[in-house]
Engineer: 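Please find one structure pasted underneath; my questions will follow.
The figures here come from the full heavy-atom set of this structure, side chains too, leaving out hydrogens, waters and symmetry mates. Convention: sequence-line order gives letters A, B, ...; per-chain numbering from 1. No experiment lies behind these values; they were computed from the predicted model shown.
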Amino acid sequence: MSLQQDPKISQGTVLILLIGKFKGKRVVFLKKLSSGLLLVTGPYNVNGVPLTRIKRKYVIATKTKVDLGELVVPEEINDKFFTPQKPINNWEKTEEKFFTKKQDLKKVGLNETQTKLQNQIDKPIYEAIKKVQYLKEYLTARFKLQKGQLPHKMKF
Amino acid sequence: MSQEQKKVVKPKKKQTKKKKKQNKSPRLHVDGIFMGYRRGLTTQKTGTSLIKIVGVSTRRESEWYLGKKVAFVYNASRHHNGSNVRTIWGKITNSHGNSGVVRAKFKRNLPAIAMGKKVRVMMYPSNI
């Protein structure tokens, strides 16, 4: 997996997500993970996007950049952080599964360490965002194509 | 009727604020039209479709869209996985001619019924 520097994307660049639950959202780029995926955050308190990873090809890099200084992303936030917890062996065949209804199998929310890391990362980013006029509103607003707007004529 | 009688002051209707759908899914695609299949005068090759992207009128402009994913979205009568909306995915392969028309190949060839219908040209895979 090549880890070549993308000239358009560096720490603090605002990216537009094109795919997924958060499509259209403008997020802040943090770092490129070893798997090649890009680590981004909303920040969560600005536009509801938590720490997520996306592929470079599903993202538009804008010229807008948040001045993060030399922000060090904790080592704990890596690809393993995002992989789901290993399920019980042969869960499908256990008695517990037999008696559990589908609606009761709720998705496990974020645990303490995840929320702690989220807040830890978001705090300095939010401070940097507040310094620039309209940047918070810019990140809150979603990107969408309006009538007459053509992406091949737009400058990002 | 005098001027004063004509003027009937209507009570102002209390404007009820309609709750706007704040987080409506944004449009992140460009509309295109499926013009037909790639063809000579008498024979058509249904493996390749011709797409006219709205607002693209030259070959140079169409180069931005090469490689982008395209989706033909349609409704079916039977619901499957909670929805009756179905898609046929494809991608734009090359330009076609000098006027901005573009060729696309779909996973399964587009049905002939789709001719003249809208097709969605996505903005990904992006290299912006």
Engineer: Applying a heavy-atom distance below 4.5 Å, give me the residues of residues 109-128 of chain B that approach chain A, sorted by number.
Structural biologist: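 If one takes a 4.5 Å heavy-atom cut-off, the residues of residues 109-128 of chain B near chain A are B:Met123, B:Tyr124, B:Pro125, B:Ser126, B:Asn127, B:Ile128.
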Engineer: Between A:Lys136 and A:Tyr126, is any pair of side-chain heavy atoms under 4.5 Å apart?
Structural biologist: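 Sidechains of A:Tyr126 and A:Lys136: in contact.
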Engineer: Under a 4.5 Å heavy-atom cut-off, does chain B meet the side chain of A:Lys153, its backbone, both or neither?
Structural biologist: side chain
Engineer: Run through A:Val40, A:Leu139, A:Val46 and flag the one making a side-chain contact (heavy atoms from CB on, under 4.5 Å) with A:Val28.
Structural biologist: A:Leu139
Engineer: Using 0.5 Å steps for rounding, measure from the NZ atom of A:Lys32 to the CG atom of A:Leu37.
Structural biologist: 9.5 Å
Engineer: Taking the side chain as C-beta and beyond, is there a heavy-atom pair between A:Leu145 and A:Pro151 under 4.5 Å?
Structural biologist: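 They are in side-chain contact.
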Engineer: Tell me, side chain or backbone of A:Leu17 under 4.5 Å from chain B's heavy atoms, or both, or neither?
Structural biologist: backbone
Engineer: Within a strict 4.5 Å, meaning less than it, do heavy atoms of the A:Phe81 and A:Thr113 side chains meet?
Structural biologist: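 No, side chains not in contact.
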Engineer: Say whether A:Thr41 and A:Asp122, considering side chains only, have a donor N or O and an acceptor N or O under 3.5 Å apart.
Structural biologist: yes
Engineer: Check the hydrophobic clustering (I, L, V, M, F, W, Y; side-chain heavy atoms under 4.5 Å; chains of links allowed) and say if A:Leu135 and A:Leu15 are grouped together.
Structural biologist: no
Engineer: Among residues two or more places apart or on two chains, list those pairs meeting ring-ring contact (aromatic ring centres under 6.0 Å, His included) that have a residue in residues 13-49 of chain A.
Structural biologist: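 Every candidate ring-ring contact (aromatic ring centres under 6.0 Å, His included) pair involving residues 13-49 of chain A fails, so no pair, neighbours aside, qualifies.
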Engineer: What part of A:Ile9 lies closer than 4.5 angstrom to a heavy atom of chain B: side chain, backbone, both or neither?
Structural biologist: neither
Engineer: Could you tell me whether the side chain of A:Lys65 reaches within less than 4.5 Å of the side chain of A:Thr13, counting heavy atoms only?
Structural biologist: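 Side-chain contact under 4.5 Å: yes.
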Engineer: Return each pair, listed once, that meets side-chain hydrogen bond (donor to acceptor under 3.5 Å, both in side chains) where at least one residue sits in residues 79-88 of chain B; pairs must be two or more places apart or across chains.
Structural biologist: B:Thr87-B:Trp89
Engineer: Measure A:Lys8 against the heavy atoms of chain B and call it side chain, backbone, both or neither at under 4.5 Å.
Structural biologist: side chain
Engineer: Counting heavy-atom pairs under 4.5 Å with chain B, which one of A:Val59, A:Leu18, A:Thr62 comes out on top?
Structural biologist: A:Leu18
Engineer: Has A:Asn78 got a side-chain atom pairing as donor or acceptor with A:Ser34's backbone, closer than 3.5 angstrom?
Structural biologist: no
Engineer: Could you please state which residues from residues 34-66 of chain B sit under 4.5 angstrom from chain A, measuring non-hydrogen atom to non-hydrogen atom, sorted by number, or 'none'?
Structural biologist: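 So the qualifying residues are B:Val54, B:Gly55, B:Val56, B:Glu61, B:Trp64, B:Tyr65.
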Engineer: Side chain, backbone, both or neither: which part of A:Lys147 has an atom under 4.5 Å from a heavy atom of chain B?
Structural biologist: backbone
Engineer: Looking at B:Ala104 and B:Val70, what are the two nearest heavy atoms and their distance?
Structural biologist: CB-CG2, 4.3 Å
